[in-house]
Every structure is written in structure tokens, then in C-alpha cells.
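Structure, as C-alpha cells:
Just follow the structure's listing: the first ligand is 1, and inside any ligand the first atom is 1.
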Amino acid sequence: MTAESELLDRAQHTRLVVIGGGIGGLVAALQCAKVGIAVTVLEAADRPGGAIRAAEVAGLTVDAGAESYATRGGHVRALIDELGLTDAVVTPSAGRAWVHGLPGAAPLPAGGVLGIPANPWNDDVRRIIGWSGVWRAYLDRVRPPLTIGHERSLGKLVRSRMGAKVLDRLVAPVVAGVYSARPDDVDVEIAAPGLSTALTRTGSLSGAVSTLQGHRDLSKAPGAAVEGLDGGMSTLIDALVSRLRELGVEVRTGVRVDALARCESAWRLATTTTDADAPVEEELAADIVIVATDETAARALLAPEVPALADEQPAQPRIDVVTLVLDAAALDTAPRGTGVLAVPGTTQAKALTHSTAKWQWLAAQARSQHPHRHVVRVSFGAQGEAPATDGLSDDDVAALALAEASVLLGVALEPAQLVASHIERYAQSQPASVIGRRERMAAVREAVHRVPRVGVTGAWLAGTGLAQVVPDAIDEAEHVRRTALWAEQAQA
Ligand SMILES: Cc1cc2nc3c(=O)[nH]c(=O)nc-3n(C[C@H](O)[C@H](O)[C@H](O)COP(=O)(O)OP(=O)(O)OC[C@H]3O[C@@H](n4cnc5c(N)ncnc54)[C@H](O)[C@@H]3O)c2cc1C
């Protein structure tokens, strides 16, 4: 037997189980199946995809979770191309997002980094922060650069350099929208790589933003450039699952893994089918396991092998996304562009996306049903607080979302205009940009890697968003393959 055929034989006789069928788990499964490993994916929900999920609302298939991906890094696009979906790639409409709660509403200024303006004197900035805010922000240019460059907290940095109005009215809504976090908790270097260095060099925060814009480093900033898929992001999950099945991967849904135990060189998985009427318990065996669940489940599954993981009880605040299908001629002109970010504390909703203003493919489908049909997504909940929808019945959630949509869109929307609504609930981990989080997650990964034949991936470690999760899953699958197969082969 040649070395290559020996490796292939070894791979084919290796049973690898991926726990969790979100994008992270499916991508990890693909990487392993491509080299011939026998892979099974176990997903607790009744469909794969995790936070990428479609919903049927009034006959329209809409994204009820992730609706786009950041183009930075090129990893998601490479996956899309590999799966033959290149022709389905779409870009959102050019309209700007708005910010609400000034009081009133205004388009979010063009450019800027996480809402920090390069020039506070610009009309679109002044409209939001007023003359007093502009003069205060201008102090940033004239203050001596003594204390700059060393502030880790984004909120503290912006407040001290440009004042509370820039922080509260521009930066806070963007940071809440992108990270569901408060600016004070966000690490400047992670959220806006290069900003601190540019600040030290130029002597002012606005100068630093200009420098980043000039160097096109903005493409690295979250939300800078996104793409979507005609038909919605769930088509990526459908394509991934078909590819996995072609490669012989078994993707089992409705199977929750309750416990993971190492038994000599194999893993034992205690599972339960999640069919409420007839739950069935089953024990499965695997040579290698990749844990690709949310943070709470991952810590519980891995704690028997890595006890330190039980030390931290993660806060996974709930985010509720309410999709409204509306017949409203007043929305035809997209009065608030592609959507609205709320100044925290001014509304009960966190943000709104006018999906049919943002995505042409969805607008065409909606219009084919009714000339003034629109899809609007209203999201509730943020780090450290329960969503305003907490404890409400579905009807009351829909009524609240409609009322919030009226406020955010600046258009009176009546209950009679609501064709249908859909509620989707999510738990989200602390964002990777929160101060200290990256170091803690690196330590978690290191501890897990000390256990042989196990890998761990997912947004809780990689950071929220497909642009983070996809490359992390690829790297983790490669790590597991290398350490569990090739290294052991080398030792043999
Ligand atoms: C409302 C919303 C909108 C978003 N919008 C965007 C966007 O537009 N662009 C973007 O890039 N990102 C977006 N994100 C973030 C992005 O969707 C996530 O970061 C990413 O999908 C997470 O993938 P994952 O595989 O790590 O986790 P998940 O998608 O959470 O998958 C984990 C899976 O593990 C399963 N599981 C958990 N426990 C077990 C168990 N014990 N046994 C078996 N299975 C288990 C779960 O059911 C789930 O399917 C959004 C997120 C949300 C919530």
C-alpha cells in the first residue's frame, strides 16, 4: 500500500461526528468529508442551518436569521463559488440606513468607522449631532494628543475625544446594530483594526478615521461590504447539505447530543431524538468529534474533559426577530432607506430592516403578489437586557413590532395593513469584540486542543457572522484532520 492509499484507508475508517448543524458544523463536515473521512452531522433542531434559517411568511420565503455575509476575507464567497452558487450572489440596494432617536431620524452619514465621523462639520453629521455636538467633536482636532492611542474601550475613547453626542447618536446605534453591544464594552482594536495606531499617528480620532478611509482599511470593518443570495441565505445551507450528501455524509436532524465522554481512544455520545411525542435515547460512538453548537451547549458537552469550561456561565441574551409582511403604499418610496438603527433607549426595538427595499429579489417576489407588498424585519434585545417582547403572546409581539415599525419608518402602519407576521427567537453569545473576550476564547480553544481527537468551532469562539465562522470552521477541521489522522499516521 502506498502512503497515500494508506492515509485514504485510514480516513475512510475514521468515524467523525460533528455536533451541531449550523454553518460552522456544516463547513467543518465538508472539509473532513472532502478528504474521505466518514462524517455524521447531528443537529438538534428539525432542520440544519442554525442562525441561517428561512421562514414562509404570507407565501414569501424570507431569511428569518442571517440575511447577508461580509465580503472581507473572501472565505464565504469562496464557499459559495465552490458550491456553484456564484450566479445567485446579489448586492443590497444602494440606499443608506437611517438612525432614529435624535429626536427624529436622519440618514446615517456616509463613510465613518463604526459611526465615528471623519469630518464632524459635514451636513449629514451636523443634522444628527447638532451644532453643539459639532463644536464638541471638533475639540478632538485641537486637543493635545497626550492621552490618545491607549484607550481600549471604544465608548471611552469616543466620549473623551468627540463627546457624548457622537457617542450616543452615531456610534451607539451602529455598535448596537452590528454587535448588540454597548460601545463602552467594545475593544477598539478588534472592532476597528488600525484605528488606534492611526490615532497615535495623526493626533486626532477624526484624522484616524480619514486615514483608514484613505487606506481602504474600511473593508476590514464589520458591515463595510456585504453580499447576499438570490432566494436568501438559507439557499447556502440547502447547497451545503446537498454537497455533503453527495460526499456520503449523514446529516441527521432532530438529534440532540446530551453528553460526550471519552472512552480510551473513542468518544461516546449520549443522544436523544427531539421528537416530543416519542423521544428515543441512543448511544453513538465516534473516533473524532467536532463540537459546533452554541456556547452553552458546547461548554456543557466539553466540560467533562475540560473542567475549566464549566467555570464560566455564559450570558446568551435573547434576540427576537419579527418579520412583518405589509401592504403599505407609503413604503414604496423606502422612506428610511434600507433600514433604521435606533439610538439605544429611544425605542423598544433595536433595529429595523426594510428587506424589500434592501433586496431586489425579495421586492420582485413581494410585488408579484401585491403592488404595495413589503417585508420589514424588526429586532428586539441587546446584551445585558431582555427583549421588550419578553413574555408577550405572539399576537402582542406582532402588534408591538408593527407599532415600533411605524415609529422607526415614520409612517403610520395600521393593523389592517399587516398581512402576516413571524417571530424567530435566538440566543447570542457575547460578541468577540467585547474587551477581554478574545483572550478568554483563545484560552478555551487552547484547553480543548490539549484533548486528543476533538475540535470546537462556532460563532461563540470565532466571533459573530459568517465571515468569522466559515474560516474558523475550515481551520478547526484542518487542525482536527492534521492532529488526529496525519500526525498519528506519522507516529505509527
Ligand atoms: C437574527 C440574526 C441575524 C444575523 N444576521 C447575520 C448576517 O446578516 N450576516 C452574518 O454574517 N451573520 C449574521 N448573524 C450571525 C450568524 O448567523 C451566526 O454568527 C452564524 O450563523 C453562527 O453559526 P454557528 O454554526 O456558529 O452557530 P449556530 O448557527 O447557532 O448553529 C449551532 C447549531 O447547533 C445546534 N445544537 C445546539 N446544541 C446542540 C446539541 N446538544 N446537539 C446537537 N445540536 C445542537 C443548534 O440547533 C444549531 O443549529 C445573525 C445572527 C442572528 C441571530
Side-chain angles (χ1 to χ4, degrees), residues 17-29 40-53 55 62-73 75-76 92 177-180 222-223 225-229 232-234 236-237 240 251-260 269-274 284 289-302 316-323 339 350-351 353 355 358-359 377-381 387 423-429 431-432 456-473 476:
V17 171
V18 177
I19 306 173
I23 185 80
L26 297 177
V27 168
T40 303
V41 178
L42 301 176
E43 166 54 52
D46 58 4
R47 37 118 205 96
I52 304 177
R53 60 182 81 157
V62 298
D63 278 319
E67 49 146 24
S68 63
Y69 59 92
T71 54
R72 67 178 178 281
H75 303 283
V76 185
V178 175
Y179 297 116
S180 304
V226 299
E227 290 174 347
L229 288 172
M233 288 307 293
S234 63
L236 173 62
I237 298 300
L240 251 174
V251 180
R252 291 181 62 187
T253 53
V255 182
R256 188 186 62 233
V257 179
D258 298 317
L260 192 57
L269 294 87
T271 71
T272 310
T273 55
T274 49
L284 300 173
V289 170
I290 296 180
V291 178
T293 66
D294 58 275
E295 180 169 11
T296 306
R299 284 181 183 273
L301 289 170
L302 290 163
Q316 286 193 271
R318 217 180 71 217
I319 307 255
D320 287 355
V321 177
V322 187
T323 302
K350 185 185 70 172
T353 305
S355 307
K358 189 167 181 180
W359 303 109
R377 277 167 40 135
V378 187
S379 39
F380 294 87
I423 306 156
E424 204 71 51
R425 299 193 158 92
Y426 301 89
Q428 272 206 328
S429 283
V456 60
T457 188
W460 68 284
L461 284 169
T464 306
L466 275 57
Q468 269 82 4
V469 177
V470 168
D472 188 81
E476 192 63 7

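With Glu295, Glu424, Glu67, Arg252 as candidates, the residue nearest to atom 8 (O) of ligand 1 on a non-hydrogen basis is Glu67. The closest heavy-atom contact to atom 30 (O) of ligand 1, among the options Gly49, Ala51, Gly22, comes from Ala51. Evaluated by nearest non-hydrogen atom to atom 19 (O) of ligand 1, the leading choice among Gly465, Gly20, Ser429, Ala64 is Gly465.
What you find for Asp320 and Pro387 is that their closest heavy atoms are OD2-CG, 4.1 Å. Closest heavy-atom contact between Ala70 and Ala467: O-CB, 3.7 Å.
On a distance-only criterion, Gly458 and ligand 1 share no N/O pair closer than 3.5 Å. Considering backbone and side-chain atoms alike, Gly65 places every N or O at 3.5 Å or more from each N or O of ligand 1. Considering both main-chain and side-chain atoms, Val469 never comes within under 3.5 Å of ligand 1 through any nitrogen or oxygen pair. Some N or O of Glu43 is nearer than 3.5 Å to an N or O of ligand 1, by distance alone. At a 3.5 angstrom cut-off on N or O pairs, Gly24 counts as close to ligand 1. Considering backbone and side-chain atoms together, Val257 places an N or O closer than 3.5 Å to an N or O of ligand 1. Considering both main-chain and side-chain atoms, Arg377 never comes within under 3.5 Å of ligand 1 through any nitrogen or oxygen pair.
Thr71 contributes a side-chain N or O that, together with a main-chain N or O of Ala225, makes up a donor-acceptor pair within less than 3.5 Å.
To the nearest 0.5 Å, the span separating CG on Asp258 from OG1 on Thr272 amounts to 3.5 Å. A distance of 5.0 Å separates OG1 of Thr353 from CD of Glu67, quoted to the nearest 0.5 Å. A distance of 8.0 Å separates OG1 of Thr457 from CD1 of Ile290, quoted to the nearest 0.5 Å.
Two residues are said to be in side-chain contact when any heavy atoms from C-beta on lie closer than 4.5 Å; Val469 and Val27 fail this criterion. No side-chain heavy atom of Val251 sits less than 4.5 Å from a side-chain heavy atom of Glu43. Looking only at side-chain heavy atoms (C-beta outward), Met233 and Leu466 come within less than 4.5 Å of each other. At least one side-chain heavy atom of Thr253 sits under 4.5 Å from a side-chain heavy atom of Pro48. With a 4.5 Å cut-off on side-chain heavy atoms, Leu236 and Ile23 count as touching. The side-chain heavy atoms of Gln468 and Arg72, taken from C-beta on, include a pair separated by under 4.5 Å. Counting only heavy atoms from C-beta outward, the side chains of Thr274 and Asp46 never approach each other to under 4.5 Å.
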(request) Kindly indicate, with the supporting measurements, whether the criterion side chain to side chain contact (heavy atoms under 4.5 Å, CB included) is fulfilled by Arg53 and Tyr426. (result) CA-CA 11 Å; Arg53 60 182 81 157; Tyr426 301 89; 3.4 Å; yes
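In summary, the atoms of ligand 1 found under 4.0 Å from a heavy atom of Ile19, numbered by their order in the structure, are 42 (N), 43 (C). The contact set between ligand 1 and Gln428, taken as ligand atoms under 4.0 Å from a residue heavy atom, comprises 51 (C), 52 (C), 53 (C). Heavy-atom contacts of Ala297 reach the following atoms of ligand 1: 38 (N) (cutoff under 4.0 Å).
The protein non-hydrogen atom at the shortest distance from atom 36 (N) of ligand 1 is Thr293 CG2, 3.9 Å. For atom 9 (N) of ligand 1, the closest non-hydrogen atom of the protein is Ser68 O, 2.7 Å. Among protein heavy atoms, atom 37 (C) of ligand 1 sits closest to Asp294 OD1, 3.3 Å. If you check which protein heavy atom lies closest to atom 5 (N) of ligand 1, you get Ala66 CA, 3.1 Å. The shortest contact between atom 32 (C) of ligand 1 and any protein heavy atom is with Ala292 O, 3.5 Å. Among all non-hydrogen protein atoms, the one lying nearest atom 22 (C) of ligand 1 is Ala459 CB, 3.8 Å. The nearest heavy-atom contact from the protein to atom 16 (C) of ligand 1 is Leu466 CD1, 3.8 Å. Of all protein heavy atoms, the one closest to atom 15 (C) of ligand 1 is Thr464 CG2, 3.6 Å.
In Val321, the part holding a heavy atom less than 4.0 Å from any atom of ligand 1 is the side chain. Only the backbone of Val255 comes within 4.0 Å of ligand 1, judged by heavy-atom distances. Of all the heavy atoms of Ala44, the ones lying under 4.0 Å from any atom of ligand 1 are found in both the backbone and the side chain.
Taking a distance limit of 4.0 Å, we find that atom 27 (O) of ligand 1 is approached by no protein heavy atom.
Using a 4.0 Å heavy-atom cutoff, Asp63 is absent from the residues neighbouring ligand 1. For Ala70, the heavy-atom gap to ligand 1 stays at 4.0 angstrom or more. Ligand 1 has at least one atom lying under 4.0 Å from a heavy atom of Leu42.
Judged as a side-chain contact (heavy atoms from CB on, under 4.5 Å), and not counting sequence neighbours, the contacts of Thr323 are Val57, Val62, Val375, Arg377, His422.
Across Leu42, Val17, Val257, Val289, a single residue satisfies side chain to side chain contact (heavy atoms under 4.5 Å, CB included) together with Leu284, and that is Leu42.
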